[in-house]
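Accompanying notes for the structure given below.
Every value quoted in this text rests on a predicted model; they were computed, and no experiment measured them. Reminder, nothing fancy here: chain letters follow the sequence lines and each chain counts from 1.
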Amino acid sequence: MTKKSAGQLPISLAVAAVIRRIPRGKVSTYGAVAEAAGYPRNARHVSKVLNQVPGLPWQRVLGSGGRISLPGEYGFEQRFLLEAEGVRFRGRRVDLAAFEHKFPPPRRPRSSPRR
DNA sequence: AGGGTGACGATCA
DNA sequence: ATGATCGCCACCC
């Protein structure tokens with residue numbers, strides 16, 4: 001064995017997995033996805049993954065503040081798809097307080113609450 | 001090995 | 001609020 005050659009880099013797989021967990025009718029942001037995947041400063045990489053990996057709910061990932069970053073026609077399509085699944089906009093942005101999906105916090109081995 | 005890229009994000013004018 | 005600029009960082013030639 002040696003170390004299995006992972007076809008995809010771990011960061012891309014982690015990011016894709018996180019995106020797949022955003023439920024219908026909810027959204028997240030590039031930064032939040034990167035962080036949830038374990039790569040805090042990699043918001044930019046999230047957009048690349050959205051481009052490479054087909055089948056992801058790409059429309060559910062927004063820029064900070066709930067703004068659509070995707071330019072052009074796809075940007076309109078993104079908004080259209082989101083509204084179709086119940087996500088409402090307030091002007092040009094989605095009200096994150098109401099629609100942002102909260103990813104479960106990372107488990108801390110051995111950290112008992114309390115005290 | 002080196003440099004350009006990007007569906008970002010925070011900050012400043 | 002809107003637009004420009006700068007900082008980040010892993011990916012991909």
Side-chain angles (χ1 to χ4, degrees):
Chain A
M1 9 257 135
T2 89
K3 62 165 217 50
K4 42 204 36 249
S5 40
Q8 309 299 334
L9 273 1
I11 177 172
S12 300
L13 291 178
V15 166
V18 166
I19 293 170
R20 271 188 275 261
R21 305 211 285 277
I22 305 173
R24 189 171 173 293
K26 291 287 197 169
V27 300
S28 188
T29 63
Y30 303 96
V33 167
E35 188 173 333
Y39 295 83
R41 252 89 229 200
N42 290 74
R44 294 188 110 148
H45 190 68
V46 173
S47 61
K48 291 191 179 174
V49 172
L50 285 169
N51 257 312
Q52 313 178 38
V53 186
L56 295 176
W58 61 271
Q59 73 272 29
R60 297 181 193 148
V61 185
L62 302 169
S64 70
R67 287 189 307 290
I68 286 182
S69 319
L70 187 54
E73 300 293 314
Y74 288 102
F76 288 97
E77 169 146 344
Q78 179 171 27
R79 175 160 183 159
F80 180 83
L81 290 172
L82 286 176
E83 292 186 318
E85 53 182 73
V87 175
R88 279 162 4 225
F89 283 71
R90 244 253 256 114
R92 287 198 162 122
R93 43 162 90 192
V94 168
D95 181 353
L96 292 182
F99 297 99
E100 182 174 26
H101 171 62
K102 301 299 192 354
F103 294 102
R107 298 249 163 219
R108 234 156 248 308
R110 189 81 55 214
S111 89
S112 306
R114 135 191 60 313
R115 270 288 281 161

Q.
Going by ring-ring contact (aromatic ring centres under 6.0 Å, His included), name the pairs with one or both residues in residues 76-110 of chain A, residues two or more places apart or in two chains.
A. His101(A)-Phe103(A)
Q.
Does anything in residues 67-83 of chain A form a salt bridge (Lys or Arg N to Asp or Glu O under 4.0 Å)? List the pairs, not counting sequence neighbours.
A. Arg79(A)-Glu83(A)
Q: Pull out every residue in residues 42-50 of chain A that has a heavy atom closer than 4.0 Å to any atom of DNA chain C, ordered by number, or say none.
A: Asn42(A), Arg44(A), His45(A), Lys48(A)
Q | Nucleotide dC12(C), atom P - distance to CG of Asn51(A) in whole Å | A | 12 Å
Q: Check whether any side-chain heavy atom of Tyr39(A) lies under 4.5 Å from a side-chain heavy atom of Val46(A), and answer yes or no.
A: no
**Q.** pair Leu62(A)-Arg93(A): side-chain heavy atoms closer than 4.5 Å
**A.** no
Q. What pairs with Glu85(A) under side chain to side chain donor-acceptor pair (under 3.5 Å), at least two apart in sequence or on another chain?
A. Gln59(A), Arg60(A)
Q: Return the residues of residues 62-99 of chain A meeting this criterion: a heavy atom under 4.0 Å from some atom of DNA chain C. Order them by number, or give none.
A: Arg92(A)
Q.
Tell me every residue that passes salt bridge (Lys or Arg N to Asp or Glu O under 4.0 Å) with Arg44(A), counting only those two or more places apart in sequence or in another chain.
A. none
Q: Output every pair passing salt bridge (Lys or Arg N to Asp or Glu O under 4.0 Å) with a member in residues 11-21 of chain A, not counting sequence neighbours, ordered by first then second residue.
A: none
**Q.** Pairs where residues 22-37 of chain A contributes a residue and the test side-chain hydrogen bond (donor to acceptor under 3.5 Å, both in side chains) is met, not counting sequence neighbours
**A.** none
Q: Sequence neighbours left out, what passes side chain to side chain donor-acceptor pair (under 3.5 Å) with Ser12(A)? Give chain and number order.
A: His45(A)
Q. Could you state the interatomic distance from CG (Leu50(A)) to CD1 (Ile19(A)), rounded to the nearest 0.5 Å?
A. 4.0 Å
Q. Going 5' to 3' on DNA chain B, which nucleotide is the first and which the last to come under 4.0 Å of a heavy atom in chain A?
A. dT5(B) to dA10(B)
